[in-house]
Amino acid sequence: MKRQFALTTTFALAAVIAAGMPGKADAATEMRCSHQLPPSHHIAQVIDRWAEAVEADSGGEIDVQVFGANSLVGAKENIVAVAKGDIECAFSVNFQWGKTLPIMNVTLAPFAFGDIEIWRKWPDSEAAAFLSDKLLEKGVRNVNWLFTTNTSVFTHNDSFLIKPEDFEGLKIRGLTPTFDASLVAMGAATSAMPGSEVYQALATGVIDAGLTDAAAAVSRKYYEVQDHFTVLPVISVYFHGYVNPAWYDGLSDKAREGLKSAGAKAAVWAIEASEAAGTAAPGQLEEKGSKVHINSADENAALEAVMRPAFDEKFASDDPDSTKLIELLGTL
């Protein structure tokens, strides 16, 4: 961010002038954080607040520089870039872990995690700790959990996607092999891609239909290329922030506590922002001229009856840790 770069330059110059002077604090530790979200996305705004909290709660020991909208590293490269130490920090949506850590995708189980109380308990849960340990085994240290949505939309032109048969023959955005199995069960063909690529894919006809967070449909302007939006709690999605373990190990105890404190605050802010964004999104889409349908309980049940068995079969076969995670989630 420009403000942060300006401050970093000022602090760096001051450090040079003060070099060798007794009693002067060392320069702040640089923390470059990459994410894929546009500035208008509610989680991008939470990440900015979190960055300010990290600087404050670490007593200025950490200098956070946030690079959004793929401006530093692309969405598909964030995990590897942090694990290798090319950058210090990044944020990814859970399904970007794909086959590397498939249990991160448990919240994509159709219609299974819509209860917001699950997410209020999540950061301090055994399930979250279990995933944090697995993330560390994959080369990154988790520092926060940012609930993003339990309100999704299926987007299409000319008609709503409400019933399983509405998906027959469609090319639709996919997420992961496990979730995509539930779309294939309804007769759709999937193409997995990050949210930043969906607009262009819809505009050019690479895919016929989209799937995204209701608020992201607004912030990413899907209404410019699709005109029918079906709102439903089909999946729950979270972003999470993670850092390079070696970088983290080099921090002082105070800086680590600052990261922990800021992460706890951001988890609460994310829930508040996501609830507000999800509530406002259907009306905002209508204001843009889109047609919006909010699924009934019966309509959701008809979709779940086809989608959930296909997901469960694929998820259970992908990773032996899935059974353990499901047990832990059952305690929330």
Side-chain angles (χ1 to χ4, degrees), residues 1 4 7-8 11 25-35 37 42-68 78-79 81-83 85 87-94 96-97 101 103-104 107 116-148 237-274 325 328-329 331-332:
M1 293 186 290
Q4 290 171 318
L7 286 176
T8 302
F11 289 147
D26 293 336
T29 299
E30 182 181 61
M31 183 183 187
R32 295 164 296 172
C33 293
S34 170
H35 69 77
L37 298 168
H42 63 283
I43 293 299
Q45 294 166 7
V46 170
I47 291 172
D48 287 344
R49 290 181 68 186
W50 166 83
E52 293 174 355
V54 169
E55 293 184 342
D57 293 359
S58 69
E61 289 192 16
I62 301 176
D63 173 27
V64 187
Q65 301 170 13
V66 177
F67 297 81
N78 276 328
I79 294 168
V82 173
I87 59 174
E88 295 76 36
C89 159
F91 291 80
S92 292
V93 68
N94 57 310
Q96 284 169 334
W97 280 92
L101 190 57
I103 57 173
M104 289 288 280
T107 65
I116 196 66
E117 291 307 313
I118 292 175
W119 296 100
R120 297 189 198 282
K121 299 173 183 177
W122 173 260
D124 298 320
S125 69
E126 290 185 64
F130 180 76
L131 282 183
S132 291
D133 289 342
K134 295 300 176 181
L135 288 165
L136 191 56
E137 290 176 9
K138 297 299 182 182
V140 301
R141 177 177 288 277
N142 202 73
V143 293
N144 62 37
W145 303 100
L146 303 179
F147 167 70
T148 301
V237 175
Y238 59 91
F239 272 81
H240 70 113
Y242 49 92
V243 299
N244 177 269
W247 176 87
Y248 178 89
D249 291 344
L251 297 175
S252 70
D253 289 343
K254 182 176 183 179
R256 293 180 191 175
E257 281 301 312
L259 274 174
K260 181 178 179 181
S261 172
K265 294 174 185 176
V268 175
W269 297 335
I271 290 174
E272 294 172 345
S274 296
L325 180 58
L328 294 173
L329 286 166
T331 66
L332 291 176

Please report the closest heavy-atom contact between [X] and [Y], naming both atoms and the distance.
| X | Y | value |
| --- | --- | --- |
| R32 | I87 | NH2-CA, 3.8 Å |
| Y242 | V143 | N-CG2, 4.0 Å |
| V82 | C89 | CG2-C, 3.6 Å |
| A267 | P123 | CB-CG, 3.7 Å |
| N142 | G241 | OD1-O, 3.3 Å |

Interatomic spacing from [atom1] in [X] to [atom2] in [Y] - rounded to 0.5 Å:
| X | Y | atom1 | atom2 | result |
| --- | --- | --- | --- | --- |
| T29 | E88 | OG1 | CD | 9.5 Å |
| Q65 | E30 | CD | CD | 4.5 Å |
| I116 | S274 | CD1 | OG | 7.5 Å |
| L251 | M31 | CG | CE | 8.0 Å |
| L37 | T148 | CG | OG1 | 7.5 Å |

Check for a donor-acceptor pair, side chain of [X] on one end and backbone N or O of [Y] on the other, with a separation under 3.5 Å.
| X | Y | answer |
| --- | --- | --- |
| S58 | I62 | yes |
| S34 | N78 | no |
| H42 | A270 | no |

[X] versus [Y]: any side-chain heavy-atom pair under 4.5 Å?
| X | Y | value |
| --- | --- | --- |
| W50 | C33 | yes |
| L131 | H240 | no |
| W145 | S132 | yes |
| N94 | T107 | yes |

From CA spacing to verdict: salt bridge (charged side-chain N to carboxylate O under 4.0 Å, His left out), R120, E117: CA-CA 5 Å; R120 297 189 198 282; E117 291 307 313; 3.0 Å; yes
Sequence neighbours excluded, every pair satisfying side-chain hydrogen bond (donor to acceptor under 3.5 Å, both in side chains) that has a member inside residues 243-256: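 Qualifying pairs: E61-S252.
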Pairwise side-chain hydrogen bond (donor to acceptor under 3.5 Å, both in side chains) hits with a residue in residues 260-273, at least two apart: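 Every side-chain hydrogen bond (donor to acceptor under 3.5 Å, both in side chains) pair that includes a residue of residues 260-273, provided the two are not neighbours, is D57-S261, D57-K265.
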Of all pairs that satisfy salt bridge (Lys or Arg N to Asp or Glu O under 4.0 Å), the ones with a partner from residues 121-140, not counting sequence neighbours: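 For residues 121-140: K134-E137, K134-D321.
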Set of side-chain contact (heavy atoms from CB on, under 4.5 Å) partners for L329, sequence neighbours left out: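 Residues passing side-chain contact (heavy atoms from CB on, under 4.5 Å) with L329: V106, F113, W122, A127, L325, L332.
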Residues in side-chain hydrogen bond (donor to acceptor under 3.5 Å, both in side chains) contact with Q45, at least two apart in sequence or another chain: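 Residues passing side-chain hydrogen bond (donor to acceptor under 3.5 Å, both in side chains) with Q45: none at all.
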Qualifying residues under side-chain hydrogen bond (donor to acceptor under 3.5 Å, both in side chains), relative to N144, sequence neighbours excluded: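 None.
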Aromatic ring pairing F91/H35, orientation class (parallel under 30°, perpendicular over 60°, tilted between):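 Ring orientation, 0 to 90° scale: perpendicular.
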